[in-house]
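Below is one structure, written out as structure tokens; the observations come after it.
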2 protein chains.
Amino acid sequence: MTAMASEKTVERLSLYRRLLLRLRDDGADVVFSHQLCVPVGVTPAQVRRDIMQLGCSGVPHAGYKIKDLLAAIAEMLDAPQSQRAVLVGVGHLGLALLTHFSGRWRWLHVHAAFDVNPSKHGAIVRGCNCYGLDQLPRIVREWRVEVGVITVPMDAAQTVATMLCDAGVTGLLNFAPLRLQTPEHVYVENVDLTTSFEKVAYFARHPARLANNKNAERDAASEKDRADVPG
Amino acid sequence: MTAMASEKTVERLSLYRRLLLRLRDDGADVVFSHQLCVPVGVTPAQVRRDIMQLGCSGVPHAGYKIKDLLAAIAEMLDAPQSQRAVLVGVGHLGLALLTHFSGRWRWLHVHAAFDVNPSKHGAIVRGCNCYGLDQLPRIVREWRVEVGVITVPMDAAQTVATMLCDAGVTGLLNFAPLRLQTPEHVYVENVDLTTSFEKVAYFARHPARLANNKNAERDAASEKDRADVPG
DNA sequence: CAGAAATCGTTTATTGATTCACAATAGCGG
DNA sequence: CCGCTATTGTGAATCAATAAACGATTTCTG
Ligand SMILES: NC(=O)c1ccc[n+]([C@@H]2O[C@H](COP(=O)([O-])OP(=O)(O)OC[C@H]3O[C@@H](n4cnc5c(N)ncnc54)[C@H](O)[C@@H]3O)[C@@H](O)[C@H]2O)c1
Ligand SMILES: NC(=O)c1ccc[n+]([C@@H]2O[C@H](COP(=O)([O-])OP(=O)(O)OC[C@H]3O[C@@H](n4cnc5c(N)ncnc54)[C@H](O)[C@@H]3O)[C@@H](O)[C@H]2O)c1
């Protein structure tokens, strides 16, 4: 059915979804491409193209049905049955993530957490226990866990990543400030807060703005997407 | 002197620096482009190009002086004197960030934190106090704070962003799951953990890998950069 | 000292994503 | 029922980022 989406496309779909959910809760049934483009920071054409890739069709003067879009995005992004993740490193950051994400989604469940520190073992948040690292391979294998979240200190990150990959995960969300060496088939998403911080500091100091999602506002406001036929 | 760097370039420079610091601490004096490219996930040519933009020169066969590179990166990324940031929303995530980042850099100081909840007011971490929101405009203005970190719940994020922009910050690091509306001249870096999570889940489910920094390993290993002259 | 090997600097191509442009289409008002 | 307008769908053009290519340069080795 739908072909493989690119990283950028997946990012936008995630944003569209959150926006659509809010619109739906506000009572809207349909939406136009120029409504979606502003908060995501792209042009209406980009939105239409993304929706096309989803396999959805709109109606020229009537827009897209929000229900259809949500269903199509869910089919693309969410696991058909259910998908499990584990988190390793129940420190400041790990605990914040667990608190925030546990039980938030039906289709992606944070199944367990791990830490070397025995004082962290036991129940952490509802539906998620913390174990010693020795339990990791068994639990990941038994529950067919596909996603690993790494929130251990830098020095331990590579070891943990290797354990997770060996145990069979195929996706890693890495918060440690280094690039992990992983097998070819494992997808790694690095959330590098140090880099993000340095980026903001740099651009905050430089008044000349990069294309910073700002141009889209203008585009949508004046709806430049339509051909302004010359002559 | 050095021209404005692109977002991607700044990201790579941040990574180069951390790598170079480790190499230096291990006693190295010089480095080759193919050593830097692997952990950053690019080709040697890209590394050379970045270094060129820094205004540094290497010596064929002898590599680049690590000291020079670090100095050039610091000149590009770090504020000449000192730069201040504030954080708004001392919850799980905010506290994790404060603990991690406070006092970590000479050139970028987390000067203060803010929260609506009075129980959070007072000293949080060494060198960083927490105040009520009413103090925000005054402190940001008086200390010429340039960077604001937003870790409040989604519903409060836009209000906080507006306050910060009005008070004069020119860069925002936003952890709330929405796109902020800000004046033209303010740079916003969104750290969208929900999207990151959904991305990993998606690609973990899809064995066909995207260009995921993996090809660079091969390139560097076999040093394909050199012309393999045909005939 | 000469020739080989490695590495840099830079120009040129490639790639992939985004935007533009506009024909096709459907609602809407008279 | 008929133009009129707003909006979609999509091929072509543009753009930015990356990789390839290769001559120039320097060290190293015999
Ligand atoms: N907290 C932040 O705001 C922040 C910002 C940027 C980067 N990071 C990175 O995120 C990671 C975690 O940061 P943090 O602030 O939560 O650190 P933290 O010290 O609060 O927590 C680390 C946790 O990992 C556990 N741990 C240590 N070694 C382990 C191992 N081998 N296996 C399993 N668990 C182990 C520790 O017991 C601790 O509970 C670090 O790599 C840090 O560089 C954090
Ligand atoms: N914690 C995570 O792992 C995580 C993950 C994804 C996204 N986020 C986002 O990060 C933000 C913070 O998450 P959190 O887990 O730290 O939440 P939290 O509830 O633990 O902390 C929020 C803090 O903000 C304060 N606050 C509320 N309204 C405020 C206002 N108007 N002005 C100043 N302070 C205010 C609260 O008192 C609280 O201390 C949220 O937007 C959340 O969606 C967090």
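Every chain is numbered from 1, with letters handed out A, B, ... down the list of sequences.
When each of A/Leu20, A/Val10, A/Val40 is tested with A/Leu15 by the rule side-chain contact (heavy atoms from CB on, under 4.5 Å), just one qualifies, namely A/Val40.
Distances shown here put a side-chain N or O of A/Thr43 below 4.0 Å from the OP1 or OP2 atom of C/dT19. In this structure, A/Arg49 does not reach the C/dC20 phosphate: none of its side-chain N or O atoms is under 4.0 Å from OP1 or OP2. Within the 4.0 Å cut-off from OP1 or OP2 of D/dG9, at least one side-chain nitrogen or oxygen of A/Ser57 is found. Note on B/Ser33: a side-chain N or O is less than 4.0 Å away from OP1 or OP2 of C/dC8. For C/dC8, one of the phosphate oxygens OP1 or OP2 lies less than 4.0 angstrom from a side-chain nitrogen or oxygen of B/Arg48.
In this structure, A/Gln46 atom CD and D/dT10 atom P are separated by 15 Å, rounded to whole Å. Spacing between atom CG of B/Leu69 and atom C1' of C/dT7 amounts to 14 Å, rounded to whole angstrom units. Look at CG on A/Asp50: it is 13 Å from P on D/dT8, rounded to the nearest Å. Across the protein-nucleic acid pair, B/Lys65 atom NZ and D/dT27 atom C1' stand 15 Å apart, rounded to whole Å. Here the P atom of nucleotide D/dT8 and the CD1 atom of A/Ile51 are 8 Å apart, to the nearest Å. If you take CD of A/Glu11 and P of C/dA17, they are 12 Å apart, rounded to a whole angstrom. In this entry the distance linking NE2 of B/His61 with C1' of D/dT26 reads 8 Å, nearest Å. Rounded to whole Å, the distance from CD on A/Glu7 to P on D/dT18 is 12 Å.
Note on B/Asp192 versus A/Arg18: salt bridge recorded, some NZ/NE/NH1/NH2 to OD/OE distance being below 4.0 Å. Look at A/Asp78 and B/Arg205 and you find no salt bridge, because none of the NZ, NE, NH1 or NH2 atoms lies under 4.0 Å from a carboxylate O.
Along DNA chain D, the nucleotide closest to A/Gly63 and the one closest to B/Lys8 are compared, and the more 5′ of them pairs with A/Gly63. Remark on DNA chain C: of its neighbouring residues A/Thr9 and A/Val59, the 5'-side contact belongs to A/Thr9, judged by nearest-heavy-atom nucleotide.
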When the side chains of residues 145-154 of chain B are checked against the rest of the protein, which donor-acceptor pairs come out under 3.5 Å, sequence neighbours left out?
from	atom 1	to	atom 2	distance (Å)
B/Glu146	OE1	B/Gln83	NE2	2.7
B/Thr151	OG1	B/Val88	O	3.1
B/Thr151	OG1	B/Gly89	O	2.7

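Set against D/dT7, C/dA6, C/dC8, the side chain of A/His34 has D/dT7 as its closest nucleotide. Of all nucleotides listed (C/dG9, C/dA6, D/dT7), D/dT7 comes nearest to the side chain of A/Phe32. Here D/dT18 is the nucleotide among C/dG9, C/dA17, D/dT18 with the atom lying nearest to any side-chain atom of B/Arg12.
Interatomic distance, B/Glu198 CD to A/Glu11 CD, rounded to the nearest 0.5 Å: 11.0 Å.
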